[in-house]
Structures are given as structure tokens and as C-alpha cells.
Asker: 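What follows is a single structure, and I will ask about it in a moment.
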Number of protein chains: 4
Amino acid sequence: MVHNDIQTLFAESLNELKLTEKQKAVLNASLKLFSEKGFDRTSTSDIAQLAGVSEGTVYKQFKTKEGILTAIIGPFIQQVMPKAATEFTNEVTHTSYPSFGEFLHAIIKDRMVFALNSMPQLRIILHEVITNQAIATGFSHLFENLIVGPLGQTLKHYQEEKQLVDWPLDRIIRYVATTVMGYVLPAALLHGSVDIEHASREATEFLLKGLKPA
Amino acid sequence: MVHNDIQTLFAESLNELKLTEKQKAVLNASLKLFSEKGFDRTSTSDIAQLAGVSEGTVYKQFKTKEGILTAIIGPFIQQVMPKAATEFTNEVTHTSYPSFGEFLHAIIKDRMVFALNSMPQLRIILHEVITNQAIATGFSHLFENLIVGPLGQTLKHYQEEKQLVDWPLDRIIRYVATTVMGYVLPAALLHGSVDIEHASREATEFLLKGLKPA
Amino acid sequence: MVHNDIQTLFAESLNELKLTEKQKAVLNASLKLFSEKGFDRTSTSDIAQLAGVSEGTVYKQFKTKEGILTAIIGPFIQQVMPKAATEFTNEVTHTSYPSFGEFLHAIIKDRMVFALNSMPQLRIILHEVITNQAIATGFSHLFENLIVGPLGQTLKHYQEEKQLVDWPLDRIIRYVATTVMGYVLPAALLHGSVDIEHASREATEFLLKGLKPA
Amino acid sequence: MVHNDIQTLFAESLNELKLTEKQKAVLNASLKLFSEKGFDRTSTSDIAQLAGVSEGTVYKQFKTKEGILTAIIGPFIQQVMPKAATEFTNEVTHTSYPSFGEFLHAIIKDRMVFALNSMPQLRIILHEVITNQAIATGFSHLFENLIVGPLGQTLKHYQEEKQLVDWPLDRIIRYVATTVMGYVLPAALLHGSVDIEHASREATEFLLKGLKPA
DNA sequence: AATGAATGAGGCTTCATTCAT
DNA sequence: TATGAATGAAGCCTCATTCAT
């Protein structure tokens, strides 16, 4: 089964950790509140209340409030994001597309949906990435290993078929990623909606031109 | 004279407002601290101390802590960003470039420098934009009026000369902007350095291809 | 004017510090509570309540609870104890006693009264001295400089007159001090009363024998 | 076999009580932690951890934290101190000394060693004695029965032989005890070392003079 | 206009104690 | 009997905000 949002993926990942039901409730509640109000504006009593436990319980396993964040970010980097990335790249590499254009369109659409579905959760990550260099680096590696790597085979294939310009793969992926963000971010920030069909076609059109072989 | 960073521009803009020296000191100190630690982690006593005034003074003009932020964001939207944008578009529209390629390269380079110089301050904006929809909308209009508008003439010119694809101007600018961000953001987050010369040439190469007329 | 208890001396000493009335109230309340219940069993809200101020005020000047203790111990070592010691030695050195025996009896009696009057406050010091080596050392120097020093002249005088054994002064004072404590401490701990007249005579009798020249 | 420190004596005493291994572990751990950090600064989870049991187990036998203290103080008063006292007085009364001077020197030296070896544990007692009047009284009786009583025979003997002044025994013992403390306490508090040989000779010299028959 | 002492609500955290397993 | 998750009261401390001077 393939997921297209992060909160669900996260809740599932918690089952692999040694946590009681209440502890999981704390993490789920924290993820929700941190997403909505940000880390600093979420109080530990907010968390306890939403999780339906006492404040003491919040601290039983996650020694500090920061510890809760770490307990969220950890699985995120070690499990949620990898799983999401793997699901994505698996799907991509196991499907055959008639042309680079259709391949491109497919992944752009897929990632737009994913990003929009996961926007609130991605905000936590964004905040952490802004604040915490170690986490930023972690994500950078994640990106390298889980996206650039697996997509490599497919992209190389299109390069050999002369459907894709002969640039380094990370450069190509950079352009794809930022172009997708260029559509998703403004919509997310302005709380507007995106016509994904239209946006993905536009983005594909631009990228196809820009990434055409010389 | 043209500025290439925001803190300086901000300090100058304050001179145009009816503020005592102490009030200006408060705003400058606040901008600095908010940039470094974020709004929530900056205390009003931190601000008073850095500004060299009493806490009472901080509250004399800016009724609340939120009020300080507003007093910063206000000038930002009404003066600093417009001035930055105008300086940019003026320079662009008053200079003649041999070709669209050279024009593109020039503005990409210029904006990369600007963004990298102003990164800490842009973080406040980024954080506010994430949290506060009204501010996000304000920025959106700013962008529309100050960038898309003034640049319009020049871009249209290149479209008429068949050096630039015949797409709506905001779409074109979106791609330019996101591509620049694609180079600047990772460097900023990973605290790495950017080879601006190289990055701007790469970005230009990609955009030229992607924005070539059909 | 000569004081024979510590709480009064302490309250007077506070006037020499730059503290508001409320801050002084905090310190006086703290001294009282720490004396009665001990540091660990006194809560900051207890202190605030007894001092008649808000808890915030408690922390305005004394950054931490430990800071309150320091703010008490500091004046104690720097002002209260020196003043007490000086008042004592002054009185002793400016009075002439017919014999060493009467001199001894006078100071023993005086110190018994002082110790019994100041017992609750001395408990804080005792606790600190047990826990904190630096403070223990501070007291040791205090003792050396303020007691052994000033008393030196007088004792030497009695040594020359062959009324006092020819031992080092600190050894002699050690015996006097511990003998006094031997009467005061049990009474203080058992909350019993002391017949000072009787106790001081007994102690004098013993010390006179023990300190008689060979 | 004769002991010269309290922690060992305590551990042995526990064997005479009907306690499971875990209960004993709890008491030993508590004694150690209370000695090191004091009662108030020792948490029950600290104790559980050091004892290698769960927090639940700690509460199974000792209903409250205070109960642990009682369970320590009890054996202390009922067994440890009596045993220590008895071992001491037995040794003293079963050995014959050529003179009161040698007798005095022997017991002074012995008690100095004992006090220095047991200093950390004595601190708990000291703290409790300061705080808790009942315990203080208990100790007072202990002292009376276990020291003054047994030593009585020996001291009377020396009084009859005119080697010892004809004062009440508790008065004599008071002076011996406080003089010993006068050497031991400063060293313990300043974490200095004591030259026991020298100190005991000095103390003996003084006491011999002070306790000489008229 | 400027000061800074004072406030009190609320945040994070600890810890003695209980109870279902 | 032993466990350890769970509790909730209470502790220490911060901070935006007010107000008398």
C-alpha cells in the first residue's frame, strides 16, 4: 500500500518503537500541535490535554520538551521520510512510461499531491531545518541517497535515449524539485488551492524544454 | 546608491519614520534578535538590553511585543522591500543588455547576492509568512506589483524580439525566482558557501533553454 | 550599641545593599524560613507569601533560589559575622578584667548568650558549611582573622603574666570554643534551656584548669 | 571483630532484620545517597536505580520516603550505634591501661578514627538531629546509656585512684567528647586531613590537665 | 518621555506515590 | 511479590506587561 500523506505514515511508524499507547498518543498529539502552532507556541499542557494523559506522562519517556521534538524528528528522518521516498521511487522505477515527458508529468503530479497533503507536517521539518544545521545535513543526505540514487537509473536511461539533457543527475533533480516547490509553496502559504492538473502540466512543459538535450 | 542587504536598508528606512532615537534602537535591536533567535525566543528584556533602553520604553510606543513585530514588518513591506525591489528594477530597466541571456545572467547574479546577504532577516519573514497569512498575502502583492510590474516592460521587449517564450510574465518570473532559490536555499540551510559565478551561469543556462521561444 | 542576636544584625546589614524594600523583605523572609524549615523544604512561594510580594519579585534580583541563599550568606560572611565578631572583640579588648579567670568567664558567658540567641540562623550556616566547602573555608578565615587575631593581644598579655599556658593561640581558642559549643549545642538540639550562669561557671572552671600554665 | 566505620556496621545489622535482599538493597542504597546528597535531594527513583529494583518495590515495604528514613534511623539507634558503642566500651573496659593518661589517649585516638571513617553517615544523623527533635532525644539517651553508663566503672576507678577529678561523669565525658569533636569537625568540614597521632596527643595533654584532681 | 520595580499567569519539569498487570 | 507506567500536585523560573516615580 502506498501512502500519500505524512501524518498517517508517522502514526504507523510509531508502532515500530517501544512505546506504550499513551506515549504514542503524546507523539501524535505533539506532531499535530507543533504543525499547527509551532514548537514554541505549543505548551506541554496542551500536549498532555490533547493526548488525554497527565503532564507527568509526557515527561516519563521524553525527558524534556525538546526531547519530544527529537522523538518526532528521529522517526521522521529514520523512517517516515525514507519510507515515503522509497515508496515513491519504487513506484516510479517499477512503472514504465512511454516517454520522458509522461514520466516527468507523473512524478511531478505525484509529488505535488504528496507535498500538499503533508504541508502541515513539513512545516515542523522546515522550522527544524532552518534552526538546526545537523538536521539540515541529515535531510541533505536523505535526499541524496533516497531520491537522487534510485532515480538515477531511470534518468540515465532517458539520457541514453537522448530524451534528457546530459547534465549531472543532482542538477536535473534540483530543477525538478524547485519547480514543483514553486507551485506548491505559494499555494500552501496563501492557503490557496492548486489546480494540480493544470499546474503539473505547466511545470512539465517548462521542465521538458529546459531539460531537453542540446 | 544601491544596497545589497536588508539590515542596512532597514536602518535607513527608520529615519523616514517619526521615531525617537531610542525607538529606532529598539527596532534595530529587535530585528537583529528576531533574526538570530526567532520571535518567540527573544524576550522583551533582551531587546531592551541590546537597545540600551529600559523595558518601559520598549512598551511606550509599541504597546505589545507583537506590536514590535508589526512595527518591523510594516516598514519592511511598505519601505524596505519596495525600496529593494525598486532599486533592483530601476537598475535593470535603466541598463541595456546585449541579449536576453546577458540580462538574465545579470539579474540572477544580483538576486543571489542579495538573498545571501539578507538571509538572516529573510528568516524572520519566512517564519512570519509561514505563520501569518495576512503577511503572506502582503508579500504576494508586493511581488506582483514591484517585480512583475516593472520587469514587465523589459520582459515584453524580449518577448517581442523573440528571445523569450510567449508565456504570462508571472509564470516566467516564477521559474526564474524558484530556480534562484534552488541554489540559494540549500547553501543557506547547510551553512555552505555558494560559488555565485558558477551557480549563476548554470541557472542561466537552464532558464535560457526552458524559456526559449517555441 | 552592641547586638546579641543575628537576625537583628542581618536586617540592619541589608540597608547597606542596593535593595528595594521588597527585596529586603524577601531576604528577611528567606532567612526566617530557611532557619525554620531548611533550604530544601522552603518553597519560593512560601518566601513570596511571607515577604508579601509576588513570586516574580523574588526572582527579579535573585536570579535563582540558590541566589537567594547566596544573597543571605554573602552579607553574613562579609558583614554580619564580621560585625558580630568585631563587636565582641572590641568589647573584650576595651574592658579590663582583674584576672584571666574573670576574663574567661566574661567571654564564655557572652558567647553562650550570643549563640543561643542566634541558634536558628546559625543552622543555615551550619547546613551550608556542611554542604559547601568554599563557605566552610570562608568561615575558617573569618575565625582566624576576626577572633584569633584581635584576641591575640589580650591572650598574650595573660600568657606573659603567667596566668595562661604557653600554647599557640589558635589551640587555646579551639578549646574555649569547643567547650562553649559543648554546652550550647545539646541544649539547642534538644530544645532545652541552659542555665547560663551555671554553665558558664562550669566551663570556666574546666578551662582554667586545662589552660593553667605548667 | 571490631568495626571502625558505620556503613559496614549498618549493612551487617540489616541481616538481623526480616528483610528480603531487595529491601536490604534499598536501605543500603538509601543510606549511601542520603549521606552523599541529603534526604531532600535524593529521589526515590535514584534509590530504586541504585538498589537495582523498581520504584514499586521501594514502596512495598516502606510506605513513604519518610518511611525509608525511619527504617534507616531505627536500626541506627537500635542496633548500629549501640553496637558501635558497645564494641567501643567493651574494648575499653576489657583492656587495662597503666594510667588514666594512657587510657585517655587510647579512647581519644579510637574515637577520632571512628568519627573520621563515618563522617558521611554521621552527616545524615547530624541533619536529622538538627531537624527532628525526637531523634535528637533518642541520641541523647543512647549517649547516656551506652557511653556514660559503661564508661562509668572505669572512670570511677580512676577517680578513686585520684587520677581523675571528682566531677560528675557526664560532665567529664562532655569535655572529652567536645574536645575530640573540636579536632575532627574542622578537618571534616574543610576536607582537610588530620594527623591523628599528633591531634590525639594534644587533646590528651589538654584534657589531662583540665581533668586532673584538684 | 523614560525608568525599572513589580506583577502574576503560565511554562517546563520533578517527584512521591499508586495501581493494574 | 515485583514491576514500571501513570499520575497530579507542586516546585522553580520566565516573561509580557503595568505603573508609580
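Atom set for the values below is all heavy atoms of this structure, side chains included, hydrogens, waters and symmetry mates excluded. So you know, we letter chains A, B, ... as the sequences are listed, proteins then strands, and number each from 1. For clarity, every value in this text was computed on a predicted model and none was experimentally measured.
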Asker: If I take atom CZ in residue A/Phe62 and atom C1' in nucleotide E/dT13, what distance separates them, rounded to the nearest angstrom?
Answerer: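 For the pair A/Phe62 CZ and E/dT13 C1', the rounded distance is 15 Å.
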Asker: Looking at every non-hydrogen atom in both residues, tell me the closest pair between A/Leu33 and A/Thr42 and how far apart they are.
Answerer: O-OG1, 3.4 Å
Asker: Are B/Lys32 and B/Phe10 close enough, and set up right, to give a side chain to side chain contact (heavy atoms under 4.5 Å, CB included), and what steps lead you there?
Answerer: CA-CA 11 Å; B/Lys32 185 156 186 300; B/Phe10 181 74; over 6 Å; no
Asker: Think C/Thr44 has a side-chain N or O under 4.0 angstrom from the OP1 or OP2 of F/dC13?
Answerer: no
Asker: Which whole-number value in Å describes the distance from B/Ile47 CD1 to F/dT14 P?
Answerer: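 Going from CD1 in B/Ile47 over to P in F/dT14 covers 17 Å.
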Asker: Expressed as a whole number of angstroms, how long is the span from A/Phe39:CZ to E/dG11:C1'?
Answerer: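 That distance rounds to 12 Å.
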Asker: Is the terminal nitrogen or CZ of B/Lys65 (NZ for Lys, CZ for Arg) located under 6.0 angstrom from the six-membered ring centre of B/Tyr59 and within 45° of that ring's axis?
Answerer: no
Asker: From the options F/dG4, F/dC12, E/dA6, select the nucleotide whose nearest atom is closest to the side chain of D/Ser54.
Answerer: F/dG4
Asker: Mind calculating the distance between OH (D/Tyr59) and P (E/dT18) to the nearest angstrom?
Answerer: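 Between P of E/dT18 and OH of D/Tyr59: 8 Å.
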Asker: Ignoring backbone atoms, establish whether D/Gln23 has a side-chain N or O less than 4.0 Å from OP1 or OP2 of F/dT1.
Answerer: no
Asker: In degrees rounded to 10°, what angle is found between the helical axes fit to the five outermost pairs at each end of the helix from E/dA2-F/dT21 to E/dT21-F/dA2?
Answerer: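 What I find for the helix from E/dA2-F/dT21 to E/dT21-F/dA2 is an axis angle of 0°.
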Asker: Report which part of the nucleic acid C/Val53 touches: base, sugar-phosphate, or nothing (heavy-atom distance under 4.0 Å, all strands).
Answerer: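 Sugar-phosphate: the residue C/Val53, judged by heavy atoms under 4.0 Å, touches backbone atoms but no base.
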Asker: To the nearest Å, give me how far apart CZ (C/Arg41) and C1' (E/dC15) are.
Answerer: 15 Å
Asker: Quick check against the 3.5 Å criterion: does C/Ser30 have a side-chain atom that pairs as donor or acceptor with the backbone of C/Val26?
Answerer: yes
Asker: Figure out the CD/P separation between A/Glu21 and F/dT7, and round it to whole Å.
Answerer: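 Distance check: A/Glu21 CD to F/dT7 P gives 13 Å.
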Asker: Treating C/Ser35 as the side-chain partner and C/Leu31 as the backbone partner, does any N or O pair qualify as donor plus acceptor under 3.5 Å?
Answerer: yes
Asker: By nearest atom, which of the nucleotides E/dT7, E/dC12, F/dT7 is closest to the C/Lys22 side chain?
Answerer: E/dT7
Asker: Counting side-chain heavy atoms from CB outward, which of E/dG11, E/dA6, E/dT18 is closest to A/Ser45?
Answerer: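 So the side chain of A/Ser45 is nearest to E/dG11.
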Asker: Nearest-Å distance, CD (B/Gln49) to C1' (F/dC15)?
Answerer: 14 Å
Asker: Would you please test B/Arg41 and B/Asp46 for salt bridge (charged side-chain N to carboxylate O under 4.0 Å, His left out) and show each step?
Answerer: CA-CA 10 Å; B/Arg41 291 178 192 181; B/Asp46 284 345; over 6 Å; no
Asker: Return no unless some side-chain N or O of C/Thr57 is found under 4.0 Å from OP1 or OP2 of E/dT7.
Answerer: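 So the side-chain polar atoms of C/Thr57 do come within 4.0 Å of the phosphate oxygens OP1 or OP2 of E/dT7, strictly under.
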Asker: Would you say F/dA16 has OP1 or OP2 under 4.0 Å from some side-chain N or O of B/Lys63?
Answerer: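 Indeed not, no polar side-chain atom of B/Lys63 lies that close.
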Asker: Want to settle it: does B/Gly52 or A/Ser43 sit nearer the 5' end of DNA chain E, counting the closest nucleotide to each?
Answerer: B/Gly52
Asker: Grab the CD-C1' distance between D/Glu55 and E/dC19 for me, whole Å please.
Answerer: 13 Å
Asker: Among the nucleotides F/dT17, E/dA16, F/dA6, which one has an atom lying closest to any side-chain atom of A/Thr20?
Answerer: F/dA6
Asker: In terms of side-chain heavy atoms, does C/Glu55 have a donor or acceptor partner in C/Ser45 at a distance below 3.5 Å?
Answerer: no
Asker: Run the side chain to side chain contact (heavy atoms under 4.5 Å, CB included) test on B/Phe39 and A/Asp40 for me, step by step, so that the C-alpha distance in whole Å, both residues' side-chain angles and the decisive distance to 0.1 Å come before the verdict.
Answerer: CA-CA 10 Å; B/Phe39 178 80; A/Asp40 286 310; over 6 Å; no
Asker: Between E/dA16, E/dA2, F/dA2, which one does the side chain of B/Lys60 approach most closely?
Answerer: E/dA2
Asker: Mapping C/Asp46 and D/Gly56 to their closest nucleotides on DNA chain F, which lands nearer the 5' end?
Answerer: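 With C/Asp46 and D/Gly56 compared, the 5'-side residue is D/Gly56.
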Asker: Taking OP1 and OP2 of E/dA16, is either one under 4.0 Å from a side-chain nitrogen or oxygen of D/Lys65?
Answerer: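 The answer is yes; a side-chain N or O of D/Lys65 sits under 4.0 Å from OP1 or OP2.
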Asker: When you match B/Gln61 and C/Val58 each to their closest nucleotide on DNA chain E, which lands nearer the 5' end?
Answerer: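 First, find each residue's nearest nucleotide; the 5'-ward one identifies B/Gln61.
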